[in-house]
There are 2 protein chains.
Amino acid sequence: MKPTATAVHTTEDSTDTGAQQIRDAIRDAIVERRLSPGTKLSESDVGNLFNVSRTLARAALQALSYEGLVSVEKNRGAFVAYPSPDEARQIFAARRLVEPGILREAAARITPSQIQHLKQLLIAEGRLMSERGQMARRAEIKASGDFHLTLAAISGNAIMQRFMDELVARSSLVIALYGQSTISSCGHSEHGDIVAAIERNDLDEACRLMLHHIAHIEADLDLRERKSVGLKEAFEG
Amino acid sequence: MKPTATAVHTTEDSTDTGAQQIRDAIRDAIVERRLSPGTKLSESDVGNLFNVSRTLARAALQALSYEGLVSVEKNRGAFVAYPSPDEARQIFAARRLVEPGILREAAARITPSQIQHLKQLLIAEGRLMSERGQMARRAEIKASGDFHLTLAAISGNAIMQRFMDELVARSSLVIALYGQSTISSCGHSEHGDIVAAIERNDLDEACRLMLHHIAHIEADLDLRERKSVGLKEAFEG
DNA sequence: GTGCAAACGATCGTATACAATTTAGCCATC
DNA sequence: GATGGCTAAATTGTATACGATCGTTTGCAC
């Protein structure tokens, strides 16, 4: 119930400062779409909200800007990132670029217990899909990303895992902005198909399915510049 | 003479704060191996060195920690990253994973003038290789990385470009730690071969050369745990 | 009533100050 | 002589304070 976005990791890093907690809290809020793109994140407000000084709030926002989840504009403040259509395309292009490779690495190292873990994830994901309510939707969004993140974790490459963390989080922002269908997450069955392909050791097919899966998510986007809302944003960012 | 590590970019971002300058300066020092892995980077010292307060120094160090170039330990301070052999393997695994894809994207979009630019880079690199002296060595190190970075820039994907920035910088750290041969950079001729393959539109061969090139760099490493130094580091990380 | 200008308010950028934790040096003790 | 704990110095963690910049609004002239 408590684990944050990095719940995928088995070893909690226990990093250096309390700013990380704020960072994770805001990140979760962004990924779960409780914070809309473009929302202003004033340093003072964030500080007051978490009962810390502006120093820590600023550090957290700065950290989030390195992940591409918030954009800080000089002397203007921090905002929840509002990825442009071009940025969105780059995010998915990056995913198409790295996820097959991650999948191959993961499949080469995967253990039976890890396969079991993946299947349990799918079950939980399926259960959330059938539930109703905002809370279930948000949990579903995160669960959907957790599949890809878990694959990255299994691959054993912490660097790629961190990169996927970033890509999945930013994807959530893109979907929030440009997603058309009410289906908040990607096709659940496609995840299952991928696991099945991994299980029978058909890597080429698994990669093909993964690429198809990513393309499927991207196809649900309407990557045209926003018109009504954009009138203001068009000149700000 | 002045351009920093991000000299590859044509459009300077002019980011939000003066901490970025400090960050870039320290990063250059790390990448050019003027700062050895493990060196302590005290916030006060950094601040005094650049005539700014600890606040900015801390922000710069924090930023560098997100790139994996320095590691900050709670209540202990920041140190130039000392990548473990396993970390080193992961860095190169990541490069093997992404660079072929980046190469393909770049080749698909490359213009004649960009090919020309690449060739000029190779010429400059070759000139530096023949020169003697520490300064030339350092410039050579950076030039060698610039080849890979330029390819990422040509690919048109800013996200992958940033990722490559990180990977190349961290590679420099790894080579500084575990590199055996005096050849500080990777084989210069291999870069030329890759460009040639791109020019004649032989993408498969270009990717093959790229993978071979990365493997060649990695093969020059001695990824055994350090013995004498390790007695302390073995329990600290 | 409209347009420009100057002052106001809010927010960020940076520096300084204080609290908490670690590290080291030292003395006492075994 | 080695070990254990204690005190003091140094360094980081966090908060507050001050200066700079930007956006807004008010007031005056036209």
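Hydrogens, waters and symmetry mates play no part in the numbers below; they use all other heavy atoms, side chains included. If you're wondering where the values come from, they're calculated on a predicted model, not measured in any experiment. We name chains A, B, ... by the order of the sequence lines, and we start the count at 1 in each one.
For B:Glu166 and B:Arg170, the salt-bridge test passes: some basic side-chain N is under 4.0 Å from an acidic carboxylate O. Ion pairing of A:Glu67 with A:Arg23 is present here, as a side-chain N (NZ or NE/NH1/NH2) and a carboxylate O approach within less than 4.0 Å.
Between the CZ atom of A:Arg54 and the P atom of D:dT14 there is a distance of 16 Å, given to the nearest Å. Rounded to a whole Å, the CG atom of B:Leu56 is 14 Å from the C1' atom of D:dG19. Across the protein-nucleic acid pair, B:Glu43 atom CD and C:dT14 atom C1' stand 15 Å apart, rounded to whole Å. Between the CG atom of B:Asp45 and the P atom of D:dA10 there is a distance of 12 Å, given to the nearest Å. Between the CD atom of A:Gln20 and the C1' atom of D:dT14 there is a distance of 15 Å, given to the nearest Å. Straight-line distance from the CZ atom of A:Phe50 to the P atom of D:dT14: 15 Å, rounded to whole Å. In this entry the distance linking CZ of B:Arg58 with P of C:dG13 reads 17 Å, nearest Å. In this structure, the CG atom of A:Asn75 is 17 Å from the P atom of D:dG19, given to the nearest Å.
Position along DNA chain D of the nearest nucleotide to B:Ser44 versus A:Ser53 favours B:Ser44 as the more 5'-ward residue.
For C:dA10, the OP1/OP2 oxygens have no side-chain nitrogen or oxygen of A:Ser42 closer than 4.0 Å.
Between A:His148 and A:His191, the ring planes lie perpendicular to each other; the angle is over 60°, past the 30° to 60° tilted range.
Side-chain polar atoms of B:Ser171 and B:Arg95 form a donor-acceptor pair below 3.5 angstrom.
At the heavy-atom level, A:Thr55 lies under 4.0 Å from base atoms of the strands shown.
The side chain of A:Arg76 lies closest to D:dC22 when the candidates are C:dT22, D:dT14, D:dC22.
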